[in-house]
Amino acid sequence: MLYDQLKQYCKSDVYPFHMPGHKRCDIIGDDCLPYTLDLTEIPGFDNLHAPSGCIKRAEELAAELYGVKHAIISVNGATGGILSSVKAMIKRGDRILMARNCHQSVYHAVQLLGLVPEYIFPDSITDGYKLSIYGGVNVQSIEKQLIINPDIKLVIVTSPTYEGVCSDIKEIAQTCHKYGVLLFVDEAHGAHFPFHRCFPPSAISCGADAAVVSLHKTLPALTQTALLLTNNPVLAQKLRGNMSVFESSSPSYILIASVERCLNYVKTNPDEFDIYIKRLELFYKRTKSLKHLFVFDPDSSIVAVRDIGKIIIFTTHTDLTGHELAEKLRSSHHLETEMASVDYVIAVTSVCDTDDGFDRLFHALSEIDKACKTKIAPTFSIPYQAPQKALLPFEADDRKCCLCSFLKASDKVSLEFITAYPPGIPLIVPGEIISDEMIEYIAHLQRNGVEIISSAKNMPDSVLVAEM
């Protein structure tokens with residue numbers, strides 16, 4: 001039984017270096033069980049879709065803390081906020097410019113709304129370690145696309161990325177507005193940014209027209225909670241209406257209450273963020289002693305702006321893959337990390353982490369590092385060119401399809417999303433032609449333990465393709 005399994009797991013000594021940001025700590029401070037708090041819209045408890053009482057006050061507190069005019073609570077995560085925002089900011093059939101590393105929910109919005117996507121790739125990050133992660137989106141590349149495609153109505157970027165890398169949102173916003181284009185920022189992983197000077201500036205403060213933040217990712221709120229943020233009153237009203245489309249008409253009061261408690265915690269415990277930063281700084285200082293594993297230094301000049309709360313541990317020059325490192329941390333040291341890729345592991349930290357947690361992670365890495373052997377393994381770079389497009393994503397919905405072995409799908413048109421998860425960024429989008437290079441890259445990811453999923457759940461054996 002899932003309930004029993006959850007209870008048993010919570011009694012173990014496994015330490016969570018992953019989401020949600022509350023790290024299983026009870027910031028509420030009482031023994032109320034979720035079932036006793038599970039209510040509906042009875043008198044006196046307000047309505048999330050038309051707040052006028054206690055929920056409205058919680059949203060006003062969120063707006064105050066984030067320095068915006070309008071904040072809307074989402075209990076359908078950043079996903080609901082992204083779908084609502086895209087629908088509010090453009091018309092069906094419009095052309096948009098989106099970063100290729102956008103979350104799958106952005107692609108779903110494109111497909112649902114019949115949009116015409118143009119893609120822009122983030123900068124690559126390279127140095128002696130051949131780091132295989134995306135960088136920020138280049139503002140000059142955005143301006144070039146806006147000149148080439150003057151009918152673009154909306155630009156969408158992810159900042160920070162899953163690895164915590166930020167784009168220059170201030171310059172991007174200025175460029176978008178210069179050409180009369182709106183900017184939406186998926187800031188899901190940056191909910192904590194406004195609460196300490198050591199974090200990057202928030203997207204709205206940099207001029208974005210709207211942004212979404214996932215409270216549950218890096219702050220003490222329950223999974224599935226997020227905020228939609230904007231300074232535009234007209235857009236705010238559209239966002240509110242769209243949330244009624246993409247969010248349950250029976251929202252959980254437990255989730256809403258956790259948003260309120262999270263916001264109150266942030267407001268009344270500012271010193272906790274100073275302590276959190278000191279813990280991070282000490283951890284990074286200690287990891288400089290590692291000989292084989294490479295912890296991405298927050299002071300590195302390779303990336304202009306990065307969230308230091310995302311700890312990235314590279315195995316590039318060792319005899320370990322990222323998944324093998326994650327498994328060693330899990331099985332031998334009872335540390336559960338957020339994500340493992342081919343040659344790195346991400347440990348997500350938050351204000352709720354403890355001295356003991358950081359100590360355990362450092363000592364585990366030290367022990368593993370001593371047993372590592374140096375090895376320069378061949379690397380596969382992230383594809384920096386979108387697959388050739390045969391159909392628009394929404395056009396793929398109407399095509400006759402058949403199943404094909406993925407390894408034999410070269411030159412065929414995919415009719416489904418093929419995604420590396422986590423972080424949930426599509427590698428192939430419906431309507432795109434599957435190339436030999438992409439087949440090789442995805443096979444490489446699978447061989448190294450990366451989970452590949454598809455929207456039709458056929459991977460890794462087969463894929464839905466258009467009938468020829």
Side-chain angles (χ1 to χ4, degrees), residues 66 68-72 74 76-120 122 136-137 139 141-143 145-146 149 151-162 166-191 193 200-214 226-243 245-247 393 424-425:
Y66 280 87
V68 300
K69 294 180 179 178
H70 305 277
I72 300 169
S74 168
N76 191 23
T79 293
I82 287 170
L83 294 169
S84 299
S85 298
V86 177
K87 184 175 185 295
M89 298 176 82
I90 44 81
K91 300 191 300 294
R92 176 173 292 276
D94 278 348
R95 189 181 302 274
I96 69 167
L97 177 64
M98 58 182 286
R100 185 68 188 193
N101 65 327
C102 280
H103 187 260
Q104 58 190 345
S105 55
V106 177
Y107 289 87
H108 292 160
V110 168
Q111 190 174 35
L112 286 170
L113 299 171
L115 304 179
V116 181
E118 301 292 342
Y119 299 114
I120 183 171
V137 176
V139 67
S141 299
I142 289 179
E143 184 165 25
Q145 285 296 320
L146 295 181
N149 299 287
D151 57 341
I152 287 174
K153 298 295 192 294
L154 175 65
V155 171
I156 304 175
V157 298
T158 300
S159 181
T161 65
Y162 201 76
C166 295
S167 298
D168 190 336
I169 299 302
K170 185 174 182 178
E171 283 202 16
I172 292 173
Q174 290 173 346
T175 300
C176 289
H177 298 156
K178 173 183 173 182
Y179 291 91
V181 175
L182 296 174
L183 172 64
F184 173 73
V185 178
D186 176 0
E187 199 178 17
H189 288 262
F193 282 4
S202 67
I204 297 296
S205 72
C206 290
D209 296 284
V212 65
V213 295
S214 286
L227 294 172
L228 264 175
L229 308 171
T230 185
N231 285 326
N232 186 320
V234 175
L235 183 55
Q237 191 153 330
K238 288 183 178 181
L239 293 174
R240 176 81 67 188
N242 288 340
M243 285 302 293
V245 175
F246 294 109
E247 190 170 50
I425 298 172

* Structure fact -> Residues passing the ring-ring contact (aromatic ring centres under 6.0 Å, His included) test with F184, sequence neighbours excluded, are none
* Straight-line distance of I72 CD1 to S85 OG, nearest 0.5 Å -> 8.0 Å
* Asked: Which pairs with one or both residues in residues 180-190 pass salt bridge (Lys or Arg N to Asp or Glu O under 4.0 Å), sequence neighbours excluded?
  -> none
Contacts under 3.5 angstrom, residues 111-119 side chains, donor-acceptor by atom type, not counting sequence neighbours:
from, atom 1, to, atom 2, distance (Å)
Q111, NE2, P393, O, 3.4
Q111, NE2, D397, OD1, 3.0
E118, OE2, R95, NH1, 2.5

* Please report the shortest heavy-atom distance between T230 and N232, naming the atom on each side. => OG1-N, 3.1 Å
* What residues, two or more places apart in sequence or in another chain, satisfy side chain to side chain donor-acceptor pair (under 3.5 Å) together with T175? -> none
* With the side chain counted from C-beta on, respond yes when T158 and V106 share a heavy-atom pair under 4.5 Å apart, and no when they do not. => no
* Under the ring-ring contact (aromatic ring centres under 6.0 Å, His included) rule, collect the residues that match up with H108, sequence neighbours excluded. => F417
* V213 side chain reached by Y66 side chain, heavy atoms, under 4.5 Å -> yes
* **All side chain to side chain contact (heavy atoms under 4.5 Å, CB included) counterparts of H189, not counting sequence neighbours** => M19, P160, Y162, K217, K310
* **Those residues that, when tested against E171, pass salt bridge (Lys or Arg N to Asp or Glu O under 4.0 Å) (two or more places apart)** => none
* To do: Answer yes or no: is there a side-chain heavy-atom contact under 4.5 Å between S74 and M243?
  => yes
* Would you give the length of the straight line joining atom CZ of R240 to atom OG of S84, rounded to the nearest 0.5 angstrom? => 11.0 Å
* To do: Only counting residues at least two apart or in another chain, list the ones meeting side chain to side chain contact (heavy atoms under 4.5 Å, CB included) with S167.
  => V137, S159, I169, I172
* Enter the distance from E247:CD to L83:CG here, rounded to the nearest 0.5 Å. => 11.5 Å
* Exceeds 12 heavy-atom contacts within 6.0 angstrom, atom NZ of K153 -> yes
* Asked: Which heavy atom in A211 sits nearest to a heavy atom in I204, and how many Å separate them?
  -> N-CD1, 3.8 Å
* How far does CG of L183 sit from CD1 of I156, to the nearest 0.5 angstrom? -> 9.0 Å
* Asked: Looking only at heavy atoms, which two atoms of A88 and L239 are closest? And how far apart?
  -> CB-CD2, 3.8 Å
* What residues, two or more places apart in sequence or in another chain, satisfy side chain to side chain donor-acceptor pair (under 3.5 Å) together with D94? -> none
* Got a sec, which residues hit side chain to side chain contact (heavy atoms under 4.5 Å, CB included) with T161, two or more places apart in sequence or on another chain? -> N101, E163, V165
* Asked: Given side chains that start at C-beta, do those of C166 and F193 come closer than 4.5 Å, heavy atoms only?
  -> yes
* When you look at Y179 and I152, which way does the side-chain contact (heavy atoms from CB on, under 4.5 Å) test go after all the steps? -> CA-CA 9 Å; Y179 291 91; I152 287 174; over 6 Å; no
* **Listed partners of S105 passing side chain to side chain contact (heavy atoms under 4.5 Å, CB included), at least two apart** => T79, I82, H103
* To do: Identify the heavy atoms of A78 and A188 that sit nearest to each other, and give their distance.
  => CB-CB, 4.0 Å
* Asked: Is a donor on one side and an acceptor on the other found under 3.5 Å between the side chain of N231 and the backbone of V68?
  -> no
* Grab the two heavy atoms, one from F246 and one from G80, that are nearest each other, plus how far apart they are. => CB-O, 4.2 Å
* To do: Apply side-chain contact (heavy atoms from CB on, under 4.5 Å) to the pair M98 and L154, showing each step before the final yes or no.
  => CA-CA 8 Å; M98 58 182 286; L154 175 65; over 6 Å; no
* To do: Output every pair passing salt bridge (Lys or Arg N to Asp or Glu O under 4.0 Å) with a member in residues 100-114, not counting sequence neighbours, ordered by first then second residue.
  => R100-E432
* To do: List the atom of L229, the atom of A71, and the distance in Å for their closest heavy-atom pair.
  => CD2-CB, 3.8 Å
